[in-house]
Amino acid sequence: MPTGPSSVGGSVFISAAELSMTAATPPRLRFAPSPTGYLHVGGARTALFNWLWARKTGGKFLLRIEDTDKARSTDESTQAIFHGLEWLGLDWDEDVIFQGANVARHKADAERLVANGTAYLDFTTVAELERLRADADARKEPFRFDRRLATWTPDEISQKLAVGEPFTIRFRVPDGTTAWDDIVHGRIAFENKEIEDFIILRSDGTPIYNLAVVSDDIAMGITIVMRGDDHISNTPKQILLYQALGATLPQFAHVPMIHGTDGKKLSKRRDAAAVGDWEYKGILPTAMANFLALLGWSPGDDLEVMMPDELLAHFTLDRLHKKAAIFDTQKLEWMNGQHLSKRPLAEVLPRVTDALVRHGVATQAQLDADPSRTAHLVDQLRVRARTIEEVVKQARPYLIDDVEYDADAVSRSLLKDRIASADILSATRDALVNAPAWTAEALEPALRTLAESRGLAAGKIFTPLRVAVTGLSVSPGIFDVLTLIGRDRSLERLARTIDMLATTA
RNA sequence: GGCGCGUUCGUCUAGCGGCUAGGACGGGACCCUUUCAAGGUCCAGAGACGGGUUCGAUUCCCGUACGCGCUACCA
């Protein structure tokens with residue numbers, strides 16, 4: 001049991017210094033992924049919550065790479081995790097800790113536990129364990145390691161050690177109940193008899209997860225362990241280890257999982273579970289963070305679209321959810337549309353230009369040649385797009401000479417009455433050619449006058465014109481379009497469309 | 001199987017004993033309009049089930065069901 005504040009004569013004494021210490025000591029939190037794959041959105045969200053709380057309270061946010069599983073850990077995964085966190089804007093304090101570097105301490109801690117009697121040597125082999133497990137299975141009984149199997153006399157032990165017989169170190173789970181007040185769930189309790197004497201050190205001298213975590217969290221001075229609720233059943237084991245090692249317990253906060261649309265764990269195949277997937281799809285990091293935050297936490301009112309500083313301002317631990325949430329791609333995209341138009345242009349501009357170059361829509365040199373035009377184009381396009389990919393798609397006619405005509409737009413706006421369309425486009429072209437200048441201010445009256453003289457609604461002129469010069473039924477305001485595309489290119493596309501309408505059967 | 005956690009519209013959620021159960025995404029209709037977005041108005045849509053406690057339960061307690069997690073010399 002954890003030792004509480006000292007109690008003398010029935011009253012509890014906590015010094016004023018101690019009190020102010022607990023209140024004022026900034027928390028130390030950590031994100032501890034294992035580098036066995038991409039950065040999962042669930043992990044990213046756990047990292048985000050840890051980061052938010054550290055930044056909000058003036059505490060520290062540390063990063064620990066749990067690479068003790070040598071078979072599955074890769075350097076690429078480690079890099080992917082770094083990159084994903086950086087992309088989301090989650091910067092960490094102090095040096096990254098690689099768990100593999102601490103195996104000596106892990107081993108020493110295990111040996112300390114043997115020395116103080118809370119752990120013991122177990123010479124049972126893997127094969128023997130498998131046999132025992134199979135037997136229990138056959139009898140339909142739950143298998144739990146029986147401590148008596150590891151009872152050897154001191155003589156036997158020294159003899160086994162002398163011949164180099166391999167052994168693991170097992171933790172001796174005491175009788176009783178292990179409970180804690182979880183920050184998100186409240187009190188959670190486990191009967192110790194439900195927990196078997198678990199291995200903490202393998203026969204090759206390397207640590208098992210629960211030992212490594214506890215040893216490192218103690219060494220790193222972690223005060224709040226915030227992680228996925230799939231770790232709830234590890235927690236009593238870890239608490240027992242803290243106590244056996246004589247360390248102060250941290251607080252625990254178990255945040256809910258994120259599920260796929262089928263209500264099950266997110267799967268790579270169906271759900272784009274890697275944050276890198278969303279980066280590639282043109283989601284903005286602030287939108288991703290906003291969306292992820294809302295999947296396990298809510299500010300308590302109807303606020304949804306939040307910029308990073310607002311997230312920080314509103315975030316509190318007591319509003320963390322208990323319930324797993326389903327990852328809804330459509331809402332993410334809506335959220336991204338909000339951020340796309342609300343974030344400063346300077347922030348989204350480089351992400352869009354990168355995408356334009358990556359998709360071969362423009363070269364960096366071409367975009368840099370006229371920075372104000374590029375900025376204006378992106379600014380116009382971003383308000384009506386949900387993802388950067390959509391911006392890229394709509395940017396083509398402004399950056400590429402060859403217009404791809406959208407078949408649907410053409411048939412709806414031009415081919416219904418080709419004679420009339422050709423006629424109106426010709427008149428439009430004339431009006432544009434004769435306009436005093438190629439500016440919105442000069443072009444607009446010219447086209448409005450034309451519409452009036454023809455007795456047409458302005459839209460009857462604007463729509464075919466839009467399709468003729470962009471090939472799309474979607475675009476910014478037509479005068480922005482014309483100036484963005486330029487006089488020569490606009491007139492040439494008009495001429496070509498008129499030509500097409502006149503000649504094709 | 002055992003243990004643990006969870007359960008409000010299709011989805012994300014608000015609610016902290018008395019609500020016409022609110023908002024958002026998505027869906028539908030309309031308005032605005034130069035197309036598309038954005039924005040605005042409106043519509044459909046929910047407290048798993050059964051017991052308690054209470055004058056009164058979505059809200060508190062207990063069962064059941066369902067879902068998820070853990071149950072390795074994985075993390």
Side-chain angles (χ1 to χ4, degrees), chain A residues 32-36 66-69 71-73 99 122 124-126 129-130 133 137 140-144 166-170 182 184-185 188-191 193-196 198-204 206-210 212-213 228-237 254 256-257 259 261 263-265 291 294-305 321-335 337-338 340-341 381-386 390 394 409 412-413 447 451 457-467 470 472-479 481:
Chain A
S34 48
T36 54
E66 306 213 321
D67 56 353
T68 49
D69 185 347
R72 293 195 296 157
S73 299
Q99 191 161 64
D122 175 21
T124 314
T125 63
V126 174
L129 284 170
E130 273 169 8
R133 203 168 276 125
D137 227 50
K140 293 195 164 185
E141 282 169 18
F143 175 74
R144 202 167 292 144
F167 63 90
T168 60
I169 293 180
R170 276 187 194 269
D182 197 273
V184 348
H185 292 276
I188 299 180
F190 285 80
E191 293 300 326
K193 64 173 160 40
E194 302 293 344
I195 307 168
E196 72 173 351
F198 54 97
I199 293 175
I200 55 177
L201 200 74
R202 295 188 188 90
S203 49
D204 66 359
T206 62
I208 289 294
Y209 174 72
N210 283 308
V213 166
D229 67 15
D230 50 341
H231 287 287
I232 286 179
S233 42
N234 282 320
T235 306
K237 295 179 186 174
H254 288 96
M257 309 267 84
H259 288 160
T261 36
K264 294 206 182 1
K265 240 178 169 174
F291 177 73
L294 254 23
L295 239 33
W297 167 85
S298 63
D301 53 25
D302 293 335
L303 194 57
E304 297 221 72
V305 179
H321 298 157
K322 295 176 165 69
K323 182 192 154 192
I326 290 173
F327 191 95
D328 181 0
T329 301
Q330 294 205 85
K331 189 152 185 177
L332 203 211
E333 290 186 351
W334 165 78
M335 182 69 80
Q338 296 291 316
L340 212 42
S341 42
L381 259 23
R382 66 172 172 152
V383 302
R384 68 204 78 228
R386 290 196 152 196
E390 273 177 44
Q394 288 180 31
R412 258 185 304 124
S413 307
L447 292 192
K460 293 287 181 199
I461 291 183
F462 298 161
T463 300
L465 174 58
R466 180 189 329 279
V467 176
T470 66
L472 303 171
S473 58
V474 180
S475 85
I478 192 66
F479 302 105
V481 170

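Heavy-atom basis, side chains included; hydrogens, waters and symmetry copies ignored.
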Requested in this report: With heavy atoms under 4.0 Å as the rule, sort Gly300(A) into base, sugar-phosphate or nothing.
Outcome: sugar-phosphate
Requested in this report: Describe the nucleic acid contact of Lys323(A) in one word from base, sugar-phosphate, nothing, applying a heavy-atom distance below 4.0 Å.
Outcome: sugar-phosphate
Requested in this report: Please check the phosphate of U33(B) (OP1 and OP2 only) for any side-chain N or O of Arg384(A) closer than 4.0 Å.
Outcome: no
Requested in this report: May I have the distance from Asp301(A) (atom CG) to A24(B) (atom P), rounded to whole angstrom?
Outcome: 13 Å
Report summary line: Whichever of Ser475(A) and Leu294(A) has the more 5' nearest nucleotide on RNA chain B, that residue is Leu294(A)
Query raised in the report: Looking for any heavy atom pair under 4.0 Å, which part of the strands does Gln338(A) touch: base, sugar-phosphate only, or nothing?
Result: sugar-phosphate
Query raised in the report: Quick one: which of C74(B), C25(B), A72(B) gets closest to the side chain of Arg386(A)?
Result: C25(B)
Query raised in the report: Are Phe291(A) and Lys331(A) side-chain neighbours, meaning at least one heavy-atom pair lies under 4.5 Å?
Result: yes
Requested in this report: State whether Ser298(A) places a side-chain N or O below 4.0 Å from either non-bridging phosphate oxygen (OP1 or OP2) of A14(B).
Outcome: yes
Query - Polar pair under 3.5 Å, donor/acceptor by atom type, side chain Arg466(A), base U34(B) - result: yes
Query raised in the report: To the nearest angstrom, how far is Leu332(A) atom CG from C12(B) atom P?
Result: 14 Å
Query - Backbone N/O of Pro207(A) and side chain of Arg202(A): donor-acceptor pair under 3.5 Å - result: yes
Report task. Identify the nucleotide, in any strand shown, that forms a Watson-Crick or G-U wobble pair with U20(B), with both distances under 3.5 Å; if there is none, say none. Result -> none
Query - Given G4(B), U11(B), G23(B), the nucleotide with the shortest approach to the side chain of Asp302(A) - result: G23(B)
Query - G-U wobble or Watson-Crick pairing nucleotide for G6(B) (cut-off 3.5 Å, both distances) - result: C66(B)
Report summary line: Rounded to whole Å, the CD1-P distance (Ile326(A) to G67(B)) equals 13 Å
Report task. For U58(B) versus G50(B), give the span between their C1' atoms, rounded off to a whole number of Å. Result -> 16 Å
Report task. Among C25(B), C74(B), G69(B), find the nucleotide with the atom closest to the side chain of Arg202(A). Result -> C74(B)
Report summary line: Regarding the side chain of Trp334(A), the nearest nucleotide among C25(B), C73(B), U35(B) is C25(B)
Query raised in the report: When you compare G45(B) with U13(B), how far apart are their P atoms, in angstrom units rounded to a whole number?
Result: 22 Å
Query raised in the report: Do Thr261(A) and Phe327(A) have side-chain heavy atoms sitting under 4.5 Å apart?
Result: no
Requested in this report: Have a look at Thr235(A) and say if it touches a base, only the backbone sugar-phosphate, or nothing, with a 4.0 Å heavy-atom cut-off.
Outcome: nothing
Requested in this report: Kindly say whether Gly337(A) contributes a backbone atom to a donor-acceptor pair with the side chain of Arg386(A) at under 3.5 angstrom?
Outcome: no
**Report entry** Under 3.5 Å on both distances, the Watson-Crick or G-U partner of C42(B)
**Finding:** G28(B)
Query raised in the report: Which part of the nucleic acid, if any, lies within reach of Leu465(A) when heavy atoms closer than 4.0 Å are counted: base, sugar-phosphate only, or nothing?
Result: nothing
Query raised in the report: Looking at the side chain of Ile208(A), which of A75(B), A37(B), G10(B) is the nearest nucleotide?
Result: A75(B)
Query - Polar side-chain atom of Thr463(A) near backbone of Gly459(A) as donor-acceptor pair, under 3.5 Å - result: yes
Requested in this report: Look only at the side chain of Arg466(A) and the backbone of Gly477(A), and say whether a donor-acceptor pair between them is shorter than 3.5 Å.
Outcome: no
Query raised in the report: His254(A) near the nucleic acid: base, sugar-phosphate alone, or nothing, with a heavy-atom cut-off under 4.0 Å?
Result: nothing
**Report entry** Pairwise C1' distance for U8(B) and A48(B), with rounding to whole Å
**Finding:** 11 Å
Requested in this report: Check for a donor-acceptor pair, side chain of Thr470(A) on one end and backbone N or O of Leu472(A) on the other, with a separation under 3.5 Å.
Outcome: yes
Requested in this report: Write down the distance separating the C1' atoms in A14(B) and G67(B), rounded off to the nearest Å.
Outcome: 23 Å
Query raised in the report: With rounding to whole Å, what would you report as the distance between C61(B) and G2(B) at their P atoms?
Result: 24 Å
Report task. Could you pick out which residue, Glu196(A) or Asp67(A), lies toward the 5' side of RNA chain B when each is mapped onto its nearest nucleotide? Result -> Glu196(A)
Query raised in the report: With both distances under 3.5 Å as the test, what is the Watson-Crick or G-U wobble partner of C60(B)?
Result: G52(B)
Query raised in the report: Of the candidate nucleotides C3(B), A75(B), U13(B), which contains the atom at the shortest distance from the side chain of Thr68(A)?
Result: A75(B)
Query - Opposite nucleotide pairing with A14(B), Watson-Crick or G-U, both atom distances under 3.5 Å - result: none
Query raised in the report: Counting only Watson-Crick or G-U wobble pairs whose two distances fall under 3.5 Å, which nucleotide matches A72(B)?
Result: none
Requested in this report: Would you indicate what Pro476(A) reaches in the nucleic acid, counting non-hydrogen atoms under 4.0 angstrom: base, sugar-phosphate, or nothing?
Outcome: base
Query raised in the report: Is the closest side-chain heavy-atom distance between Ile195(A) and Lys237(A) below 4.5 Å?
Result: yes
Query raised in the report: Is Phe143(A) touching bases, backbone alone, or none of the nucleic acid, heavy atoms closer than 4.0 Å?
Result: nothing
Query raised in the report: For the pair made of CD in Glu191(A) and C1' in C70(B), what is the distance, rounded to whole Å?
Result: 17 Å
Query raised in the report: Choosing from C5(B), C3(B), C73(B), which nucleotide comes nearest the side chain of Ile232(A)?
Result: C5(B)
Query - Protein-nucleotide distance (Met257(A), atom CE; G67(B), atom P), rounded to Å - result: 18 Å
Requested in this report: State which of G1(B), C73(B), A75(B) makes the closest approach to the side chain of His231(A).
Outcome: A75(B)
Requested in this report: Classify the nucleic acid contact of Ala458(A) as base, sugar-phosphate or nothing, counting any heavy atom under 4.0 Å across all strands shown.
Outcome: nothing
Query raised in the report: The side chain of Asn234(A) lies closest to which of these nucleotides: A24(B), G2(B), A75(B)?
Result: A75(B)
Query - Integer-rounded Å distance: U7(B) C1' and Asp229(A) CG - result: 14 Å
Query raised in the report: Just wondering, do Glu194(A) and Arg144(A) contact through their side chains at under 4.5 Å, heavy atoms?
Result: yes
Query raised in the report: Any sub-3.5 Å donor-acceptor pair from His185(A)'s side-chain atoms to His254(A)'s backbone N or O?
Result: yes
Requested in this report: Identify whether any heavy atom of Thr168(A) sits under 4.0 Å from a base atom; if not, whether one sits that close to sugar-phosphate; answer base, sugar-phosphate or nothing.
Outcome: base
Query - Pairwise C1' distance for C73(B) and A46(B), with rounding to whole Å - result: 49 Å
Query raised in the report: Rounded to the Å, how far apart are Glu304(A) CD and G23(B) P?
Result: 12 Å
Report task. Scan Leu295(A) against the nucleic acid and name what it touches under 4.0 Å (heavy atoms): base, sugar-phosphate only, or nothing. Result -> sugar-phosphate
Query raised in the report: Has His185(A) got a side-chain N or O lying under 4.0 Å from the OP1 or OP2 atom of G6(B)?
Result: yes
Query - Separation between the C1' atoms of G18(B) and G23(B), rounded to whole Å - result: 22 Å
Query - Nearest-nucleotide pick for Lys331(A), side chain only, options being G6(B), A75(B), G23(B) - result: G23(B)
Report task. Quick one: label Ile478(A) by what it contacts on the DNA or RNA (base, sugar-phosphate, nothing), any heavy atom closer than 4.0 Å. Result -> base
Query raised in the report: Which value, in whole Å, describes the distance between the C1' atoms of nucleotides C16(B) and G22(B)?
Result: 15 Å
Query - Atom pair distance, as rounded to whole Å: CD in Gln394(A) and C1' in A38(B) - result: 13 Å
**Report entry** Side-chain donor/acceptor contact of Ser473(A) with base of C36(B) under 3.5 Å
**Finding:** no
Query raised in the report: Does a nitrogen or oxygen in the side chain of His321(A) sit under 4.0 Å from OP1 or OP2 of U13(B)?
Result: yes
